[in-house]
Colleague: 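Here it is, the structure in full.
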2 protein chains.
Amino acid sequence: MVKNQTRKEETRRNILDAASRGFREKGFAGVGVDGISKAAQATSGAFYAHFGSKDGAFLAALELGLDEVIDGVPQFQRDFGDGWTDAFIDYYLGRDHRDDLACGCAMTSLSPEMSRADAKSRALYDRKMQTIAGLVAKGLPQFPADQRLAKAWAFLGILIGGLTVTRALSDDTAIDAVSGAVKNAATDLLRA
Amino acid sequence: MVKNQTRKEETRRNILDAASRGFREKGFAGVGVDGISKAAQATSGAFYAHFGSKDGAFLAALELGLDEVIDGVPQFQRDFGDGWTDAFIDYYLGRDHRDDLACGCAMTSLSPEMSRADAKSRALYDRKMQTIAGLVAKGLPQFPADQRLAKAWAFLGILIGGLTVTRALSDDTAIDAVSGAVKNAATDLLRA
DNA sequence: TTACTTATATAACGATCGTTATATTTCTTA
DNA sequence: TAAGAAATATAACGATCGTTATATAAGTAA
């Protein structure tokens, strides 16, 4: 039974990863169950055995994606200490992250999908985003405690908006102008 | 011939409006040609006669949507003078605009679609967005001329990101917290 | 092995996808 | 009013959509 279980979890993980990439890159409506399953080297049979529905897979992919942020933020805080926000800004608006649609931050790729998502996904998004904002707020000791959460929300907002616009643009000069401007604005926002 | 022409333009306009609403609300992949045509009280035959393809209709809807911004920004500047940015912030992050997915600002609803759009739409987006940023920059005389465009891009970024997040959230308390925080950040950004 | 459970694959459902070709309607002009 | 052109409607194409039901394969336990 053990060997079968690990194989099962492997299939599930493959499908979940493919769903996560597909939804981020092409949006919920832009990718199909068959396409996800094929990308995972599996079939729609396995897809439905594991996730029950396309909405179910989206819910799982959303949770996976936002948990990456929930894990990532404290990691930045540990790795970079006081300067963690600068490092985070550079990463978030940097070229690698901008070009990696499929594996980039779920906040930017999936937030625009939420208004069309089902109730369970929307509720999960609410909870996870509040957790993320709270974690960011913890890393802003330069502000009085009662201002940190607001700064955190604004910080997330400008990063998400900036990344969205730079990804939407094609011209490299314009992209650099926007990402530079947004980086400066995000930095200034967090100056006490 | 005259009457037929106005009828033709009316049909075109109805389909374009329906496409504009559909793409903003449901995304490019989330709405179909038949659905758009039906919403316009027309048929797919008229749709293809006027726009040639779904991509063609998206291009036209994108142009229409960004032109609304290109018209709207100078209007705010004329109507509100020096305080135009405050009025714009209040409008952009206000409840009415947030709740109006179908008719809200195309920058927020369509930017996330651009990375999947065809070359012509992407090129149009680039041109129109640079026009918009230039118009915003003109309305920021409190900054030296060489800083205005950067401030304008950051301003657009935070508004787009803020609106995206508040639209994605369901909980009213969280929505108010985010929109308030983003409003403050946008205001502070434009302080000389 | 033999029976049984579980995980995955296959096949098919009706519906809708974007698109094309053709039919029909509507209007203009002679 | 008859003929012609233009605008729109209808019907159909193969492909894919999300989902279900069933078949096959791979595992464990006797």
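Numbers restart at 1 for each chain; the letters A, B, ... are given by sequence-line order, proteins then strands.
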Colleague: Atom CG of residue position B/Asp79 - does it have more than 12 heavy atoms of other residues, nucleotides or ligands inside 6.0 Å?
Modeller: yes
Colleague: So if I take every side-chain heavy atom of A/Thr11 and compare against C/dT8, C/dC17, C/dA9, which nucleotide ends up nearest?
Modeller: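 Nearest to the side-chain atoms of A/Thr11, counting from C-beta on, is C/dT8.
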Colleague: State which of C/dG18, C/dT8, D/dC17 makes the closest approach to the side chain of A/Lys8.
Modeller: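 Side chain of A/Lys8 sits closest to C/dT8.
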Colleague: Calculate the interatomic distance between A/Lys54 atom NZ and D/dT16 atom C1'; express it in whole Å.
Modeller: 11 Å
Colleague: Please report, rounded to the nearest Å, how far the P atom of C/dT8 is from the CD1 atom of A/Ile15.
Modeller: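 So the two atoms are 7 Å apart, to the nearest Å.
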Colleague: A/Phe47 has an atom CZ; how far is it from atom P of D/dT16, in whole Å?
Modeller: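 After rounding, the reported distance stands at 18 Å.
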Colleague: Following the transitive rule for hydrophobic clusters with a side-chain heavy-atom cut-off under 4.5 Å over Ile, Leu, Val, Met, Phe, Trp and Tyr, establish whether B/Tyr48 and B/Phe28 coincide in one cluster.
Modeller: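 They do share one cluster, since a chain of ILVMFWY contacts under 4.5 Å joins B/Tyr48 to B/Phe28.
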Colleague: So for atom CD, which belongs to B/Gln142, do other residues, nucleotides or ligands contribute more than 12 heavy atoms lying within a distance under 6.0 Å?
Modeller: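 Counting neighbours around CD of B/Gln142, more than 12 heavy atoms of other residues, nucleotides or ligands fall under 6.0 Å, so yes.
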Colleague: Measure from the side-chain heavy atoms of A/Tyr48 and tell me the nearest of C/dT20, C/dA9, D/dT19.
Modeller: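 The answer is D/dT19, which lies nearest to the side chain.
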Colleague: In the single-linkage hydrophobic clustering (I, L, V, M, F, W, Y; side-chain heavy atoms under 4.5 Å), do B/Val69 and B/Phe58 co-cluster?
Modeller: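 Yes; B/Phe58 is reachable from B/Val69 via cluster members.
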Colleague: Do the side-chain N or O atoms of A/Thr43 get closer than 4.0 angstrom to the phosphate oxygens (OP1, OP2) of C/dT10?
Modeller: no
Colleague: Between atom CD1 in B/Ile36 and atom P in C/dC17, what is the gap in whole Å?
Modeller: 10 Å
Colleague: Can you get from B/Ile70 to B/Phe155 by hopping between Ile, Leu, Val, Met, Phe, Trp and Tyr side chains that sit under 4.5 Å apart?
Modeller: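 Same cluster.
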Colleague: For A/Asp55 and D/dT19, what is the distance between atoms CG and C1' respectively, to the nearest whole Å?
Modeller: 12 Å
Colleague: C/dT8 P sits how many Å from A/Lys38 NZ, rounded?
Modeller: 18 Å
Colleague: Considering only side-chain heavy atoms of A/Ala46, which listed nucleotide, C/dT20, C/dT8, D/dA7, is closest?
Modeller: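 The nucleotide sitting nearest to the side chain is C/dT8.
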Colleague: Any base atoms under 4.0 Å from B/Gly32, or only sugar-phosphate, or nothing? Heavy atoms, all strands.
Modeller: sugar-phosphate
Colleague: Whole angstroms only, please: what is the NE2-P distance between A/His50 and D/dG18?
Modeller: 18 Å
Colleague: When the nearest nucleotide of DNA chain D is assigned to A/Gly35 and to A/Gly52 on a heavy-atom basis, which residue is associated with the more 5' position?
Modeller: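 Nearest-nucleotide comparison on DNA chain D picks A/Gly35.
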Colleague: Find the distance A/Asp34:CG to C/dC13:P and express it as a whole number of Å.
Modeller: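 One finds 16 Å between P of C/dC13 and CG of A/Asp34, rounded.
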